[in-house]
Amino acid sequence: MSFSSRKKVWTVALLAATVMMSAGACGGGDKADSGKVELRFSYWGSDSRQKLTEQVIKKFEEKNPTINVEGDFSDFNNYYEKLATKVAANDAPDVMSIEIRGLGEYAGRGALADLAGKVVTTDLDQQALAAGNIDSKQYAIPSGVNAFSMLVNKATIEKAKQKVPDDKSWTWDDWINLAKQISASGGGITGAEYNYNPAWLQIFAAQRGEKLYDGKKLGVSPDTLKAWWAIHQQLIQTKGSPDAAKSSELIAGGVEQSPLGTNAGATGMWWSNQLGGLTKASGQELTLLRMPKVKEATTSGMFLQPSMFYTVAAKSEHPAEAAKFIDFMVNDPDAASILLSDRGLPTNAKVLAAVKDKLPAVDQKTLGFIDEVRSELSPIAAPPKGALQVDDILKRVTEEVVFAKTTPDAAAQKFLTEANAALAG
């Protein structure tokens with residue numbers, strides 16, 4: 001969704017505020033004719049996630065025969081536009097999946113209920129749980145945890161007569177050079193795929209001693225933005241990655257159409273819980289690595305982040321039942337046995353221990369990687385209201401840079417001006 005589209009949707013939401021305060025509750029509505037409570041649960045993802053979610057809903061309903069849950073599924077590209085429209089129309093699903101970058105937006109607009117004391121959180125990862133707390137209210141419960149990482153196909157790298165890098169010491173220049181060498185080796189394989197994910201910029205900025213967000217404004221400098229865009233440009237110029245047009249097309253294609261997923265590329269940045277989907281798509285063994293670093297960086301910049309959050313609509317007619325569904329999703333071993341790492345590795349230590357041996361090999365690899373780097377991962381807090389718009393602006397301005405429609409200097413000023421305006425409301 002574009003920045004202007006988000007502003008338009010949220011303008012509708014603001015105009016609907018009076019209606020939301022005076023109208024009846026939103027969500028699943030009254031009990032159905034069967035006498036059961038009806039809940040709606042919104043989420044995004046792939047076809048495989050939809051199948052898993054249907055299974056876990058069925059298991060919940062078996063254990064809670066007085067509650068029916070209707071899955072409200074969407075692909076990621078359309079998810080937030082649809083959700084914002086429903087919230088604006090006072091028709092929010094009872095339970096909503098939200099990323100950390102959207103949490104401040106929805107909490108700040110009064111769309112979410114405080115879940116403190118409503119869901120058992122004793123055994124959850126407290127660092128991940130804290131990321132769902134805004135202004136001393138627990139608006140969100142983490143579904144699982146992951147880390148933004150570099151994924152590589154070792155076989156492809158070695159076929160190009162290159163070595164898998166030492167991820168404890170490699171730099172961004174090392175990655176660019178590796179990608180260049182792989183692409184030049186022939187066989188139609190590109191060495192790297194880049195993307196516009198703000199997690200990458202956040203990591204890069206931290207390595208340079210900066211924050212992506214500093215309170216309710218940006219903390220990243222023009223020099224850091226230009227240095228980050230220079231990596232994109234060098235990958236294109238050295239043919240270490242596809243050109244700007246092809247890369248934009250691939251980014252929109254998701255896991256299944258990515259160079260790693262189609263065995264057309266050797267390295268790429270993804271969330272650690274996406275290892276399973278990429279492995280399945282490619283049919284190859286893939287490996288998680290630490291992100292490259294800025295030379296002489298004193299921190300990896302990487303962070304442990306909730307894969308997504310479960311939230312309850314502020315106006316749900318059935319907040320107790322909605323909270324019960326979330327409690328099942330994060331605290332019940334039966335739910336974890338179905339979902340495994342689809343929504344990130346379970347944050348409940350006891351649940352994780354109960355299902356650990358059931359995790360497929362690829363999930364065991366993800367768990368091993370997270371355990372290995374956990375001490376290097378920084379805590380994370382939800383970004384301020386407006387972060388969703390900032391992501392749109394970052395993508396648009398980055399495309400202008402890589403398509404050579406503007407200079408990095410002009411782009412940096414444009415991004416900072418527009419993004420800070422979005423954060424200011």
Side-chain angles (χ1 to χ4, degrees), residues 27-28 36-46 48-74 79 83 92-100 102-103 106 112-126 128-133 138-146 271 273 276 305-313 316 318-356 358-359 363 367:
K36 294 183 179 182
V37 168
E38 301 287 332
L39 297 179
R40 274 190 296 143
F41 169 46
S42 66
Y43 66 99
W44 69 84
S46 61
S48 61
R49 174 171 292 169
Q50 185 178 22
K51 292 176 182 177
L52 291 175
T53 303
E54 289 172 353
Q55 291 175 38
V56 83
I57 286 174
K58 182 178 179 181
K59 177 60 67 175
F60 173 77
E61 291 175 339
E62 288 175 2
K63 292 191 172 189
N64 298 273
T66 62
I67 305 173
N68 279 341
V69 179
E70 176 190 352
D72 188 355
F73 172 76
S74 174
Y79 181 75
L83 185 63
D94 300 276
V95 180
M96 300 177 285
S97 302
I98 294 179
E99 290 178 290
I100 194 169
L103 185 56
Y106 283 83
L112 306 179
D114 183 1
L115 296 176
K118 307 296 176 56
V119 176
V120 178
T121 59
T122 307
D123 296 317
L124 300 187
D125 183 303
Q126 296 302 298
L129 181 66
N133 190 298
Q138 192 68 47
Y139 288 113
I141 305 297
S143 68
V145 292
N146 59 13
W271 291 102
N273 71 308
Q305 176 169 299
S307 314
M308 63 183 74
F309 289 103
Y310 298 127
T311 67
V312 172
S316 171
H318 307 293
E321 290 84 357
K324 191 170 188 177
F325 178 67
I326 293 175
D327 192 275
F328 169 77
M329 293 288 275
V330 299
N331 289 321
D332 195 306
D334 285 342
S337 295
I338 295 170
L339 298 174
L340 298 175
S341 68
D342 178 70
R343 287 172 165 86
L345 292 167
T347 61
N348 183 313
K350 292 181 179 178
V351 167
L352 180 58
V355 302
K356 184 176 180 180
K358 299 177 183 178
L359 292 173
D363 291 333
L367 177 60

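Owing to the predicted nature of the structure, the values given are computational and were not obtained by experimental measurement. Scope of the values below: all heavy atoms of this structure, side chains included, with no hydrogens, waters or symmetry mates.
- Side-chain contact, D363 with S341: a donor N or O sits under 3.5 Å from an acceptor N or O.
- The shortest distance between side-chain heavy atoms of M308 and I98 does not fall below 4.5 Å.
- Donor-acceptor pairing under 3.5 Å is lacking for the side chains of S74 and Y43.
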Would you mind writing out the side-chain donor-acceptor pairs for residues 325-333 within the sub-3.5 Å range, not counting sequence neighbours?
from : atom 1 : to   : atom 2 : distance (Å)
D327 : OD2    : V120 : N      : 3.0
D327 : OD2    : N331 : ND2    : 3.1
N331 : OD1    : N348 : ND2    : 2.8
N331 : ND2    : V120 : O      : 2.8
D332 : OD1    : K63  : NZ     : 3.2
D332 : OD1    : D334 : N      : 2.7
D332 : OD2    : K63  : NZ     : 2.9

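- In this view, S46 and S48 satisfy the side-chain hydrogen bond (donor to acceptor under 3.5 Å, both in side chains) rule, not counting sequence neighbours.
- One finds a salt bridge joining D342 and R49 here, because a Lys/Arg side-chain nitrogen approaches an Asp/Glu carboxylate oxygen to under 4.0 Å.
- Applying the salt bridge (charged side-chain N to carboxylate O under 4.0 Å, His left out) test to residues at least two apart or on different chains, the pairs with a partner in residues 344-354 are D123-K350.
- Considering only heavy atoms from C-beta on, Y310 stays 4.5 Å or farther from P142 through its side chain.
- Minimum interatomic distance between L103 and A131 (heavy atoms only, all atoms of both residues): CD2-O, 3.7 Å.
- A donor and an acceptor atom, one from each side chain of T347 and D125, are nowhere located under 3.5 Å apart.
- The two residues A313 and A92 make their nearest non-hydrogen contact at CB-CB, 3.9 Å.
- When all heavy atoms of L112 and Y139 are compared, the closest pair comes out as O-CE2, 3.5 Å.
- For the pair V312/K118, no side-chain contact is recorded, criterion being any heavy-atom separation below 4.5 Å from C-beta on.
- Residues I100 and Q305 are in side-chain contact: their nearest non-hydrogen atoms beyond the backbone lie under 4.5 Å apart.
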Could you go through the side chain to side chain donor-acceptor pair (under 3.5 Å) check for Y79 and S42 one step at a time? CA-CA 9 Å; Y79 181 75; S42 66; 2.9 Å; yes

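- Closest heavy-atom contact between A336 and V351: CB-CG1, 3.2 Å.
- Between I67 and V69, some side-chain heavy-atom pair lies under the 4.5 Å cut-off.
- Under 4.0 Å is where a charged nitrogen must lie from a carboxylate oxygen, and between K59 and E62 at least one such pair does.
- Here L115 contributes atom CG and N133 contributes atom CG; the two are 10.5 Å apart, rounded to the nearest 0.5 Å.
- Counting heavy atoms from C-beta outward, D114 and Q138 have side chains that approach closer than 4.5 Å.
- Rounded to the nearest 0.5 angstrom, Q55 CD and S337 OG are separated by 11.5 Å.
- Remark: side-chain polar atoms of E70 are not paired, donor with acceptor, to backbone N or O of N68 under 3.5 angstrom.
- Separating the CD1 atom in I141 from the OG1 atom in T311 is a distance of 10.0 Å, to the nearest 0.5 Å.
- In this structure, the separation between CG on D72 and CH2 on W44 is 13.0 Å, given to the nearest 0.5 Å.
- The side-chain heavy atoms of S97 and F309, taken from C-beta on, include no pair separated by under 4.5 Å.
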Check the pair I338 / T53 against side-chain contact (heavy atoms from CB on, under 4.5 Å), numbers first and verdict last. CA-CA 8 Å; I338 295 170; T53 303; over 6 Å; no

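- Using a 4.5 Å heavy-atom threshold, the side chains of K356 and L345 count as separate.
- For E38 against D94, the heavy-atom pair with the smallest separation is O-OD2, 4.0 Å.
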From CA spacing to verdict: side-chain contact (heavy atoms from CB on, under 4.5 Å), N273, R343: CA-CA 7 Å; N273 71 308; R343 287 172 165 86; 5.9 Å; no

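- No side-chain donor from either of R40 and S316 sits under 3.5 Å from a side-chain acceptor of the other.
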Go through the steps for V95 and H318 under the test side-chain contact (heavy atoms from CB on, under 4.5 Å), then give the verdict. CA-CA 10 Å; V95 180; H318 307 293; over 6 Å; no

